[in-house]
Student: 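One structure, as structure tokens, below. Some questions next.
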2 protein chains.
Amino acid sequence: MFNTQVTGKHPHSVPTIKDVAKAAGCSTATVSRALATPEKVSDTTRERVNQAIAQVGYAPNIAARNLRRAESKTIVALLPDISNPFFSEIISGMEDVAHQAGYQILIGDCEHDPARAEAYFRLLSTNQADGIVLLTSEIPKALIKQADGQADFPLVMACEFFSDIDLPLIAIDNHQASCQAIDYLVSLGHQRIATLTGPAGNPICLERLRGYRDTLSAHGLIDQACVAEGDFGFRSGFQQGLALLDNAQRPTAIFCHSDEMAIGVLKAARQLNITVPGQLSVVGFDNIGLSEYCEPELTTISQPRNEIGQQAMQSLLHLLRGERVIRRQTLSSHLIVRKSTGRVSD
Amino acid sequence: MFNTQVTGKHPHSVPTIKDVAKAAGCSTATVSRALATPEKVSDTTRERVNQAIAQVGYAPNIAARNLRRAESKTIVALLPDISNPFFSEIISGMEDVAHQAGYQILIGDCEHDPARAEAYFRLLSTNQADGIVLLTSEIPKALIKQADGQADFPLVMACEFFSDIDLPLIAIDNHQASCQAIDYLVSLGHQRIATLTGPAGNPICLERLRGYRDTLSAHGLIDQACVAEGDFGFRSGFQQGLALLDNAQRPTAIFCHSDEMAIGVLKAARQLNITVPGQLSVVGFDNIGLSEYCEPELTTISQPRNEIGQQAMQSLLHLLRGERVIRRQTLSSHLIVRKSTGRVSD
DNA sequence: AGGCATTATGTAAACCTTTACATTTCAGGC
DNA sequence: GCCTGAAATGTAAAGGTTTACATAATGCCT
């Protein structure tokens, strides 16, 4: 038995484009063209090249290609916190589009640490990434400020945004979604409606808060407004839930800016022997998988997460091709009524 | 006002090591050494180089470095399904160690699709990744078989494993964890204990199943064994839960191979008006964040996820350095008793 | 058949680092 | 002051691909 895999050099060396060229009896340029721009190569040569590639078992060296082309075919998806299940389907949507176009996705978990975010941004300048989809506003603005206005800075935002920096954005209308939730609660007879927001200053939460206030005002209930602040996580939902509910004048409904917090509130209510939806209605936000399996099933606002991911990646690809990009794409959310909301009891 | 950033070439070109060399008055080799092996450069030169770097704003071109060094400083973490929150903390542990060592992590979501897995494996041969941490056994074995036995094939497994391929593995003792759970249920007086496994044939599930059977046997309860199969997700827990419970001779306890399934079972029990833990005890597996916030709080088995991630990455780094690696690292799990389990009622 | 416009191919430089090898510098011992 | 060995630095090749430019081949028209 002998080794049939001849590369022409050291027996264990990996075949390069040169080996292919030799096997196909043409120059490396032709091989490269046959791969990158097949239409620029005659049918017969293309065929010969393809055979040669198969014969020597060639695979392009990507580092060399990246070096030459000054690109990386890598997109960073910057998340505030990878453990939040809200993001997984967005990522999934991004990957579909990205892979299609020959791009990879590098998931960047900031863990609420500015240094991490900075490190991921640095990948842009070192050619290790071609663009960023930003899914958090919890990063130092200085990272972006410098490039603000530059029309094709390869950065798009999804879901989250900055109030004072205008970047291409793919998101739902948070104000409207919030109005819809509050309207619904009012229609059930609720008057004392509290809201549990995400981190203070977060623009999407401010939008939702605005929707909350506007709708209360519209119904003449603004003096009943009651706002608590959480961090999107279970624990803060539980703690703030206890604070809101352990109180004689407690609200009859709580609108939460995340499902995890809503589930925390449900636990707080149980602990205080407050029945849901009998004595308290709870609305969440995001419609994560879990929201169908908690007790009671959660009324919540659903975002088209997969589509958001797809559109975001699509926009970024446009940007990378130097094309103009829609500054603001608004996708529609909708209220999913389940069992955590009901008519107010008196 | 004039531009102070002079690169010596096109005004917008990014500074290279040549620019640094010129600014520092030395050769590119010296600059390179000052960065890679500072001890091989005299103190004064090193200082001069560092200043030059700061002055011209140099950052190494990673693609060029990767090309020359034939490495990518990238590790792939291959997951069955990114939306499973079980993995996020493992990833987190991996990242801590990886970043420390100058590596990046590329999260590969297989989505139960062999083609995806194959694509990620291909990154190895094209030098786009240096190694893989495999967190799923749901991939074509052919991808690994070829390299089986090769002592420093840059692949380690975490949590999951193959029954017939021996690879470095970092995991808990699933058999023992399962025994512990069942022992505990027996100690509460349960006799009819069912188990809801993950996908059939999954080695870790087989281990857990073996633990289940062994423990039942030890207590003379093996003829009461009752096994249902799920897929780790909420829905399958709910469906199989209904099937197991909607039955005159239903079990008084169910041991589930994931927390999500356990929560699905809780929902099934509610729907059938079976109280937990009054009429039914439920045990989960993994101790995901949610398990403290469902109703009732879930008794479950906790894996040291962060540590598993760290050790896995550590082992992989050893492998990449050509060092010998412990074939099997067993970390300890423990049973967390919460409110979903109780003494059997009669 | 000759000329012209395409089309196909080849040559070689460029992308930016790293590193083997060669050369220079330096310190210290005599 | 000279020699030796070690330390510091420089030179230039190598890594694999892409692509601008040059050249060769082809097809078409008259």
Side-chain angles (χ1 to χ4, degrees), chain A residues 7-10 12-50 52-53 56-73 102 123 125-128 130, chain B residues 7-10 12-50 52-53 56-73 102 123 125-128 130:
Chain A
T7 66
K9 306 169 93 188
H10 185 67
H12 292 312
S13 82
V14 96
T16 78
I17 202 172
K18 268 189 188 166
D19 302 310
V20 178
K22 202 175 298 175
C26 65
S27 73
T28 61
T30 301
V31 176
S32 178
R33 278 188 286 253
L35 288 168
T37 51
E39 72 279 6
K40 294 198 171 176
V41 149
S42 76
D43 291 358
T44 73
T45 336
R46 189 175 338 115
E47 190 45 43
R48 224 155 6 102
V49 167
N50 286 335
I53 287 176
V56 306
Y58 168 74
N61 179 318
I62 305 296
R65 171 177 295 172
N66 289 348
L67 170 58
R68 178 60 224 226
R69 292 200 186 152
E71 67 181 10
S72 62
K73 291 284 179 183
L123 297 184
S125 40
T126 56
N127 265 322
Q128 289 178 92
D130 297 343
Chain B
T7 65
K9 306 169 92 187
H10 186 66
H12 292 311
S13 82
V14 95
T16 79
I17 201 170
K18 266 189 186 165
D19 302 310
V20 178
K22 201 175 298 175
C26 64
S27 73
T28 63
T30 301
V31 176
S32 179
R33 277 188 287 252
L35 287 168
T37 50
E39 72 279 7
K40 295 199 169 174
V41 150
S42 75
D43 291 357
T44 73
T45 335
R46 190 175 337 114
E47 189 45 41
R48 225 157 2 105
V49 167
N50 287 335
I53 287 176
V56 305
Y58 169 74
N61 178 317
I62 306 296
R65 171 178 296 172
N66 289 347
L67 171 58
R68 177 62 222 226
R69 291 201 186 150
E71 67 181 9
S72 64
K73 291 284 182 184
L123 298 183
S125 38
T126 57
N127 263 323
Q128 289 180 91
D130 297 343

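No experiment lies behind these values; they were computed from the predicted model shown. Sequence lines set the chain letters: A, B, ... in the order given, protein chains first and strands last, and positions in each chain run from 1.
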Student: Could you tell me the separation between the CG atom of N61(A) and the C1' atom of dC15(C), rounded to a whole number of Å?
Tutor: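 Spelled out: CG on N61(A) to C1' on dC15(C) is 13 Å.
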Student: When the distance from CD1 of I62(A) to P of dT17(D) is rounded to whole Å, what number comes out?
Tutor: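 Rounded to the whole Å, the gap is 9 Å.
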Student: Considering only side-chain heavy atoms of S27(A), which listed nucleotide, dT11(C), dT18(D), dT19(C), is closest?
Tutor: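 Nearest listed nucleotide: dT11(C).
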Student: Can you check the R48(A) CZ to dT9(C) C1' distance for me, whole Å?
Tutor: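 Taking CZ of R48(A) and C1' of dT9(C), I get 11 Å after rounding.
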Student: Drop me the distance from N61(B)'s CG to Q128(A)'s CD, to the nearest 0.5 angstrom.
Tutor: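 Those atoms lie 8.5 Å apart.
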Student: Would you mind reading off the distance between E71(A) atom CD and dT17(D) atom P, rounded to a whole angstrom?
Tutor: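 Those two atoms, CD and P, are 15 Å apart.
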Student: Looking only at side-chain N and O atoms, does T45(A) come under 4.0 Å of OP1 or OP2 in dA8(C)?
Tutor: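 So the side chain of T45(A) is outside the cut-off, no N or O lying under 4.0 Å from OP1 or OP2 of dA8(C).
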Student: Nearest whole angstrom, please: distance from the P of dC16(C) to the CG of N127(A).
Tutor: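 Taking CG of N127(A) and P of dC16(C), I get 9 Å after rounding.
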Student: If I take atom NZ in residue K18(A) and atom C1' in nucleotide dG10(C), what distance separates them, rounded to the nearest angstrom?
Tutor: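 The answer, rounded to whole Å, is 15 Å.
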Student: Roughly, in whole Å, what's the span from CG in D19(B) to C1' in dC15(C)?
Tutor: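 Spelled out: CG on D19(B) to C1' on dC15(C) is 14 Å.
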Student: Starting the side chain at C-beta, find the nucleotide from dA8(C), dA12(D), dT17(D) nearest to R65(A).
Tutor: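 Minimum distance to the R65(A) side chain belongs to dT17(D).
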Student: Is a donor-acceptor contact shorter than 3.5 angstrom present between the side chain of R33(B) and the base of dA8(D)?
Tutor: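 No, the side chain and the base share no sub-3.5 Å donor-acceptor pair.
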Student: Has the side chain of D19(B) got a donor or acceptor atom that lies under 3.5 Å from a matching backbone atom of T16(B)?
Tutor: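 Here the side-chain-to-backbone pair exists.
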Student: Using heavy atoms to find the nearest nucleotide of DNA chain C for T28(A) and S42(A) separately, return the residue whose nucleotide is more 5′.
Tutor: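 The residue closer to the strand's 5' end, by nearest nucleotide, is S42(A).
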Student: dC15(C), dT18(C), dT19(C): which one has an atom nearest the side-chain heavy atoms of I17(B)?
Tutor: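 Given the options dC15(C), dT18(C), dT19(C), the side chain of I17(B) is closest to dT18(C).
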Student: Of the options dG15(D), dC16(C), dT19(D), whose atoms approach the side-chain atoms of L67(B) most closely?
Tutor: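 Closest of the options to the side chain of L67(B): dG15(D).
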Student: Could you go step by step and tell me if N127(B) and I62(A) meet the side-chain contact (heavy atoms from CB on, under 4.5 Å) rule?
Tutor: CA-CA 7 Å; N127(B) 263 323; I62(A) 305 296; over 6 Å; no
Student: Given atom CG of L35(B) and atom C1' of dT19(C), what is their separation to the nearest angstrom?
Tutor: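 Whole-Å distance recorded here is 14 Å.
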Student: What do you reckon, is NZ of K73(B) surrounded by more than 12 foreign heavy atoms closer than 6.0 Å?
Tutor: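 Enclosed.
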Student: dT18(C), dG10(D), dC15(C): which one has an atom nearest the side-chain heavy atoms of R68(A)?
Tutor: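 Shortest atom-to-atom distance from the side chain points to dC15(C).
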Student: Which nucleotide sits closest to the side chain of A64(A): dT9(C), dA12(D), dT17(D)?
Tutor: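 Out of dT9(C), dA12(D), dT17(D), the nucleotide with an atom closest to A64(A)'s side chain is dT17(D).
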